[in-house]
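Notes follow once the structure below has been shown.
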Amino acid sequence: MFSLPWLELSRFKRHTITRLAMIVIIVIPSIYGGLYLASNWNPTDHLDKLQAAVVNEDTGAEKPDSDGEKLNAGNELVDEITPKGEGGFDWQETSQEEADEGLAEGKYFAVLEIPSDFSEMLVSTGGDDPEQAGLRLRTDDAHNFIVGQLAGTILSEIKSGLSETTTAEYVTQVYLGFNDIHSETEKAADGASELHDGAGQLHDGTGELVDGTTKLDKGIGTLQSGLIDLDKGAGELKKGSGDLADGASDLKKGTAEAKDGSKKLADGAGQVADGTSELRDTADEATKKAEDVKRKADDVVDGARPKLERAEGDFDDARTTVRGDMDDRIKQLEEDYPDDPNVKKLAEDADSLGKDLDSAHKRASDAKDEAKSLEDKLTDAVDGVMDKIRTADKKIGQLDDGAQKVATGADDLHSGLVKLDAGAGKLAKGAGDLHDGAVQLKDGTAKAKDGAGDLKDGSAQLVDGSKELDKGAGKLDDGSGELADGLKKGLEQIPTYDKQDRENRSDVVAVPVDADKVKDNAVDAYGEGLSAFFVSLALWIGGMITYMVINAIPYRALFSSASSSRIAWAGYVPGLLFGIAQVAVLYAILTFALDFSAGAWVWTLLFSILVAACFHSVHQLCVAALGGVGRLIALVLLMLQIASAGGTYPVQTAPTIFQIISPFLPMTHAVNGLRTLVAGGDMFIAAQAAVVLLLMTAISLVATTVVCSRKRMVTLTQLHPSLQL
């Protein structure tokens with residue numbers, strides 16, 4: 001089974017050039033794949049070797065609410081990216097002219113332009129009219145297109161960093177604003193609590209006010225009733241004081257008249273007293289005369305009628321005296337003092353005395369007439385008369401005493417009436433003043449009554465208003481309580497942030513989504529990620545080189561008795577051995593030269609050998625079937641597989657035709673299987689790819705066997721081919 005393959009390999013031992021050819025076959029894939037991967041192993045880690053210019057024209061701007069603090073964002077950005085390796089490229093701060101010249105000449109791969117209003121636009125985010133700050137990154141595709149793409153990524157990172165910083169600064173101010181809001185809300189909550197307390201006190205006060213105004217209204221009602229009574233009383237007082245003033249005036253007139261009358265009474269009483277004194281003297285004389293009469297009567301008794309006659313004359317004189325002057329004076333006293341009881345008594349006594357004198361005169365006359373017959377009785381009569389005269393004298397003495405007292409009393413009465421007249425004058429004046437005051441009082445009480453009515457209406461309105469005020473105070477109390485509770489609850493919901501907390505939160509809000517890129521089955525380098533494609537490509541090139549040097553089938557064996565399958569096998573085994581050697585050398589170089597690593601080394605090597613086996617079977621078939629044209633077809637297949645294998649970008653990003661043919665080409669499955677094994681992914685994907693590659697290998701070997709069978713008959717076309725490659 002291995003004799004024919006060995007014969008094919010043994011011919012390479014004859015000359016040095018053939019031995020070198022074997023080495024070239026083994027090494028070419030390693031050179032191809034190794035150089036390609038080495039040049040693309042990790043290009044993004046060496047961007048700092050590319051020079052780029054930054055032009056800073058920013059003039060700075062004052063931060064809002066910062067007491068003059070200035071922001072120079074352009075300088076900060078330059079300071080951030082110019083240190084070696086910090087900003088992606090090797091950034092150099094230059095002038096605009098130098099940057100333009102450097103970009104045109106290829107000295108600078110990119111130019112970052114910071115405009116003059118850069119800081120001003122950034123601080124506008126904290127103002128009323130925020131605007132976006134602009135940066136401009138210029139590249140020149142005439143020097144390198146890929147650098148332009150990378151520069152866009154770097155600009156995105158710079159912009160993201162600036163956005164994060166600016167947003168963090170803005171959010172920090174927002175959190176500071178929360179602190180201010182919390183502080184002011186706390187003050188408002190305290191004020192609302194104080195308002196609630198005050199409203200409670202106000203409500204209590206308005207309740208007391210309602211009670212007070214109710215009592216006031218009741219009191220004003222009582223006052224109104226009292227004022228009505230007072231007004232009525234004032235009216236009565238006005239009338240009474242008027243009557244009193246009239247009475248006092250009349251009294252004044254009466255006391256004046258009484259004073260004048262008392263003067264006359266005093267004068268009359270004096271005159272009466274003088275008269276009674278004279279009467280007393282007269283009575284004494286009458287008594288003396290009566291005594292004389294008695295003596296004469298005694299003389300009569302003793303026997304002398306002439307004496308009786310003389311006695312009659314004396315009695316007549318006495319009666320005339322009493323009935324004359326005395327009656328006139330008593331009548332004058334009665335006229336002057338009609339109401340004086342002493343004068344009346346004096347008149348009665350004088351009248352009695354007159355009657356007695358009349359009686360005595362009559363008796364004396366009778367005695368004279370009867371003297372002759374009654375001489376015996378004369379003595380008795382005279383004695384009786386004497387007794388009466390003596391009694392009258394005594395009474396006249398008493399009358400004189402009374403008259404003296406009446407005179408004294410009349411003087412006292414006159415003095416009292418003088419005083420009474422002065423008091424009556426004062427009384428009249430006071431009564432007049434009282435009446436005037438009563439009139440004013442009546443006017444005042446009338447006004448007070450009207451005012452009390454208005455006051456009563458006002459107090460009723462005050463009661464209603466105080467009740468409304470009490471209701472309003474109650475609502476204010478409830479509302480202020482709800483306000484205080486709401487503010488307290490709201491205060492609990494308004495957070496406060498210290499400096500560290502603000503910084504942490506600002507960082508989180510500035511970048512709310514931490515878009516960490518997490519790679520499952522991550523590879524260490526960019527080249528390692530492309531290794532599946534370049535290893536597959538290198539092994540395909542290796543298969544092409546192999547069957548450029550060795551024969552696809554041992555053509556002389558076609559004319560032997562060996563079977564077609566043995567002949568196909570004899571051509572395949574040397575290629576397979578070269579493929580295995582290519583895999584070994586390739587991975588050795590990748591491992592030691594580029595520090596390549598695989599997630600599953602053993603399976604990676606075995607799968608790579610399977611890939612080499614599949615590719616060599618395909619190349620054997622192409623060359624065996626078509627010769628030099630087969631090698632051209634293998635080259636075309638290479639181009640198709642590079643476009644459809646998805647080695648760099650997923651095949652879904654390629655045109656539809658490449659997506660259609662991709663599953664039917666071996667390199668697609670080789671790349672999928674190697675990518676999974678190198679990264680340490682799902683082994684099922686690698687197993688699927690291995691099955692497909694085994695199937696394609698088997699199909700290629702069967703097809704090569706069929707080709708060998710057909711080549712046992714030589715045709716004119718084989719002897720004279722139309723095209724020889």
Side-chain angles (χ1 to χ4, degrees), residues 1-12 18 21-22 25 29 536 539-582 609-641 661 663-670 690-725:
M1 180 177 182
F2 291 100
S3 58
L4 284 177
W6 181 252
L7 287 175
E8 180 62 26
L9 289 174
S10 63
R11 68 185 183 91
F12 286 93
T18 55
M22 294 177 63
I25 292 172
S536 299
L539 292 178
W540 184 269
I541 298 297
M544 289 179 64
I545 296 297
T546 299
Y547 285 104
M548 284 182 183
V549 176
I550 66 174
N551 292 320
I553 54 175
Y555 290 100
R556 287 185 295 177
L558 293 173
F559 301 103
S560 66
S561 59
S563 63
S564 297
S565 59
R566 184 181 176 190
I567 294 171
W569 180 255
Y572 176 69
V573 170
L576 177 61
L577 294 176
F578 279 114
I580 295 172
Q582 290 169 351
I609 292 172
L610 176 59
V611 170
C614 179
F615 288 174
H616 280 73
S617 67
V618 173
H619 286 295
Q620 181 193 20
L621 173 60
C622 290
V623 174
L626 301 174
V629 176
R631 294 185 180 93
L632 181 59
I633 291 175
L635 182 60
V636 173
L637 286 175
L638 174 62
M639 291 185 288
L640 290 174
Q641 290 182 115
I661 65 175
F664 302 101
L665 299 175
M667 190 178 291
T668 299
H669 304 285
V691 170
V692 174
L693 291 174
L694 284 172
L695 181 59
M696 288 184 174
T697 302
I699 292 172
S700 297
L701 289 174
V702 170
T704 303
T705 301
V706 172
V707 168
C708 289
S709 176
R710 296 188 62 179
K711 283 193 176 287
R712 286 180 177 273
M713 294 187 297
V714 180
T715 63
L716 184 61
T717 303
Q718 291 174 334
L719 292 175
H720 301 283
S722 301
L723 179 63
Q724 185 75 34
L725 295 176

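Residue indices begin at 1 and follow the sequence shown.
- Without hydrogens or angle criteria, Gln620 side chain to Ser700 main chain gives no donor-acceptor distance under 3.5 Å.
- A distance of 7.0 Å separates CG in Leu693 from NE2 in His669, rounded to the nearest 0.5 Å.
- Taking Ala613 as the reference, Tyr572, Leu576 meet the side-chain contact (heavy atoms from CB on, under 4.5 Å) condition, with sequence neighbours excluded.
- Under the rule for a side-chain contact (heavy atoms from CB on, under 4.5 Å), the partners of Ala690 that lie at least two apart in sequence or sit in another chain are Phe607, Leu610.
- Checking side-chain atoms of His616 against main-chain N and O of Gly575 turns up a donor-acceptor pair under 3.5 Å.
- Note that CD1 of Ile633 is 11.5 Å distant from CG of Leu640, once rounded to the nearest 0.5 Å.
- When all heavy atoms of Cys614 and Met696 are compared, the pair lying nearest together is SG-CB, 3.9 Å.
- Residues meeting the side chain to side chain donor-acceptor pair (under 3.5 Å) test with Thr697, sequence neighbours left out: none.
- Between Tyr547 and Gly571, the shortest heavy-atom contact is OH-O, 3.0 Å.
- Note that CD1 of Ile699 is 11.5 Å distant from OG1 of Thr704, once rounded to the nearest 0.5 Å.
- Checked against side chain to side chain donor-acceptor pair (under 3.5 Å), Ser564 has the following partners two or more places apart in sequence or in another chain: Arg712.
- Note that CG of Leu638 and OG of Ser536 are 11.0 Å apart. Values are rounded to the nearest 0.5 Å.
- Under the ring-ring contact (aromatic ring centres under 6.0 Å, His included) criterion, His619 pairs with Trp540, sequence neighbours left out.
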- [ ] Would you please test Val623 and Arg631 for side-chain contact (heavy atoms from CB on, under 4.5 Å) and show each step?
- [x] CA-CA 6 Å; Val623 174; Arg631 294 185 180 93; 3.7 Å; yes
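- Checked against side-chain contact (heavy atoms from CB on, under 4.5 Å), Val707 has the following partners two or more places apart in sequence or in another chain: Leu621, Ala624, Ala625, Lys711.
- Residue Pro666 comes nearest to Gln641 through the heavy atom pair CD-OE1, 3.1 Å, listed as atom of the first residue, atom of the second, then distance.
- Between atom SG of residue Cys708 and atom CD1 of residue Ile567 there is a gap of 6.0 Å, rounded to the nearest 0.5 Å.
- Atom CD1 of Ile545 and atom CE of Met548 lie 5.0 Å apart (nearest 0.5 Å).
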